[in-house]
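Note sheet for the following structure.
Values reported hereafter were calculated over all heavy atoms of this structure, with side chains retained and with hydrogens, waters and symmetry mates removed.
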Amino acid sequence: MNPQIAVTGATGGLGGRVARRLATRGVAQRLVVRDPTRAPVLDGAEVVSGEYHDAEAMRRAFDGMRTVFLVSGAEARDRLDQHRTAVDAAAAAGVERVVYTSFVGAAADATFTLARDHFHTEEHLRASGMAAVMLRDGMYTDFLPFMAAGGELRGPAGDGRFAPVTRDDIADVAAVVLLDPSHDGTTLDLTGPDLVTMAEVAALLTEVTGTHVAFVDETVEEAYASRASYGAPDYEVTGWVTSYLTVREGELEVLSDDVARVAGHAPTSIRTFLAQHGAVD
Ligand SMILES: NC(=O)c1ccc[n+]([C@@H]2O[C@H](COP(=O)([O-])OP(=O)(O)OC[C@H]3O[C@@H](n4cnc5c(N)ncnc54)[C@H](OP(=O)(O)O)[C@@H]3O)[C@@H](O)[C@H]2O)c1
């Protein structure tokens, strides 16, 4: 059977999970990856290469596809341009539907700078003439142990609350939506079941993993200063700092039933996830 669904980011955490779910359901698919040697080997999957900035490669990669799962790209100064190029390539290839991984609270004036990219990508998609589904993912539960590496969660999150969601739950929703056009035109908030502060996350990490984790509620100035030695580009450091600040501002204080409604099961709690996967380095 010729594939009609293209899955980008299939070498990554989320795209790989979605590709495996489609393969398990016996769905033919095309995996669009930067490095074909790292693509997962799955029944019914063909592999093509393409990077979002390369309009011609992306148009070829999407040729003949009806539906595209577009995973947001790695942080880059020109990430928004890359996303727009990939969206335009999908439209030029005749794609009918795009399912895009956005972020909770995506807005032009979002505190989290990367959420602004997501908003403008969403806007570009809405204007493209293709049907679109925006999966506005919360912060990944999967990343909480990494954020706490060294025994500290450190950032200007204050007492703000957020509802982390696992990549498995997002992938469950994505697989359903990719196969069911009745979701076209919708924007889904994919959150976990718990609204928590960073201090509560630190306490949970301590309790469940046995490694003591402290939350250090930095000022914005302290947050930039404590990251200055990493040598990362400004846009990246700003992304890290504002990912905490958006919590403090209450922009991630969203609790949605979209995972349960679409995936058909309750989202995974932070405690359950940490008990299964939560070692802190
Ligand atoms: N909600 C959150 O908390 C959160 C946290 C982190 C990231 N994100 C966003 O969510 C996305 C998916 O998460 P993930 O866990 O699957 O990330 P991941 O494991 O890093 O995977 C990202 C995937 O996208 C591919 N990719 C990245 N930039 C690309 C580009 N310019 N052109 C083509 N392919 C590109 C990567 O290819 P390679 O394997 O070749 O690198 C990889 O397959 C991330 O890329 C990021 O935008 C969200």
Side-chain angles (χ1 to χ4, degrees), residues 1-36 38-40 42-52 54 57-74 79 82-103 106 117-118 121-122 124-126 128 130-137 140 165-190 258-259 262-263:
M1 202 173 66
N2 288 332
Q4 294 196 311
I5 298 180
V7 175
T8 68
T11 50
L14 187 54
R17 283 171 169 80
V18 171
R20 285 194 291 279
R21 281 160 174 74
L22 294 178
T24 300
R25 288 166 163 82
V27 177
Q29 59 186 315
R30 180 179 294 171
L31 308 180
V32 180
V33 298
R34 297 203 276 199
D35 175 2
R38 292 177 34 246
L42 298 170
D43 284 345
E46 60 184 39
V47 178
V48 302
S49 61
E51 293 199 40
Y52 297 156
D54 185 341
M58 292 310 293
R59 199 199 53 72
R60 276 198 308 272
F62 291 150
D63 197 36
M65 297 296 106
R66 178 167 179 238
T67 302
V68 166
F69 182 52
L70 184 62
V71 171
S72 56
R79 184 169 81 144
Q82 293 183 27
H83 287 172
R84 286 177 172 147
T85 300
V87 168
D88 292 346
V95 167
E96 295 170 24
R97 321 173 49 232
V98 175
V99 178
Y100 172 65
T101 64
S102 182
F103 195 76
D117 285 1
H118 285 297
T121 303
E122 287 187 1
H124 198 70
L125 251 174
R126 289 190 185 97
S128 71
M130 298 180 288
V133 183
M134 313 306 176
L135 303 184
R136 289 188 169 181
D137 306 336
Y140 294 159
V165 62
T166 68
R167 286 181 294 183
D168 275 326
D169 288 341
I170 299 168
D172 286 345
V173 171
V176 170
V177 165
L178 283 165
L179 296 171
D180 180 359
S182 73
H183 296 281
D184 288 358
T186 61
T187 296
L188 305 179
D189 283 327
L190 303 187
D258 286 343
V259 168
V262 179

What's the shortest heavy-atom distance between [X] and [Y], and which atoms?
X	Y	result
Ser128	Ala91	O-CB, 4.4 Å
Arg79	Gly73	NH1-O, 3.0 Å
Ala61	Val48	CB-CG2, 3.7 Å
Val262	Val177	CG1-CG2, 3.9 Å
Ser72	Thr101	N-OG1, 2.9 Å
Leu42	Ala23	CB-CB, 4.0 Å

Heavy atoms from other residues, nucleotides or ligands near CG of Asp35 exceed 12 (cutoff 6.0 Å):
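Result for CG/Asp35: enclosed.
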Nearest 0.5 angstrom please: [X] [atom1] to [Y] [atom2], how far?
X	Y	atom1	atom2	value
Ile5	Gln29	CD1	CD	7.5 Å
Ser49	Leu31	OG	CG	12.0 Å
Asp117	Arg84	CG	CZ	9.0 Å
Met65	Asn2	CE	CG	7.5 Å
Met58	Thr85	CE	OG1	9.5 Å
Ser102	Leu135	OG	CG	8.5 Å

Donor-acceptor contact present, side-chain Thr186 to main-chain Leu188, <3.5 Å:
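Judged by distance alone, no pair lies under 3.5 Å.
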Check whether any side-chain N or O of Arg30 sits under 3.5 Å from a backbone N or O of Asp63 as a donor-acceptor pair, and report yes or no.
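A pair under 3.5 Å: yes.
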Heavy-atom check, side chain of [X] versus side chain of [Y], under 4.5 Å:
X	Y	answer
Val98	Phe69	no
Asp88	His124	yes
Val7	Val68	no
Gln4	Thr67	no
Val87	Met130	yes
Arg17	Pro40	no

Could you tell me whether Arg136 sits above the aromatic face of Phe103, with NZ or CZ closer than 6.0 angstrom to the six-membered ring centre and within 45 degrees of the axis?
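The answer is no, since Arg136 fails at least one limit relative to Phe103.
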One pair to check against side-chain contact (heavy atoms from CB on, under 4.5 Å): Asp189 and Asp137. What are the steps and the verdict?
CA-CA 6 Å; Asp189 283 327; Asp137 306 336; over 6 Å; no
Using the salt bridge (charged side-chain N to carboxylate O under 4.0 Å, His left out) rule, pick out the option among Arg21, Arg20, Arg25, Arg167 that qualifies with Asp172.
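Going through Arg21, Arg20, Arg25, Arg167 one by one, the salt bridge (charged side-chain N to carboxylate O under 4.0 Å, His left out) with Asp172 is satisfied by Arg21 alone.
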Taking atom types as modelled and ignoring hydrogens, do the side chains of Asp169 and Thr166 form a donor-acceptor contact shorter than 3.5 angstrom?
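Side-chain D/A pair, Asp169 to Thr166: present.
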Stepwise side-chain contact (heavy atoms from CB on, under 4.5 Å) test for Val173 and Asp258:
CA-CA 8 Å; Val173 171; Asp258 286 343; over 6 Å; no
Could you tell me how the ring of His118 sits relative to the ring of Tyr100: parallel (under 30°), tilted (30 to 60°) or perpendicular (over 60°)?
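Rings of His118 and Tyr100: tilted, as their planes differ by 30° to 60°.
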With Glu51, which residues qualify under side-chain contact (heavy atoms from CB on, under 4.5 Å), at least two apart?
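Per chain and number, Glu51 pairs via side-chain contact (heavy atoms from CB on, under 4.5 Å) with Arg34, His53.
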side-chain hydrogen bond (donor to acceptor under 3.5 Å, both in side chains) partners of Arg59, counting only residues at least two apart:
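Checked Arg59 against side-chain hydrogen bond (donor to acceptor under 3.5 Å, both in side chains); matches are Glu56.
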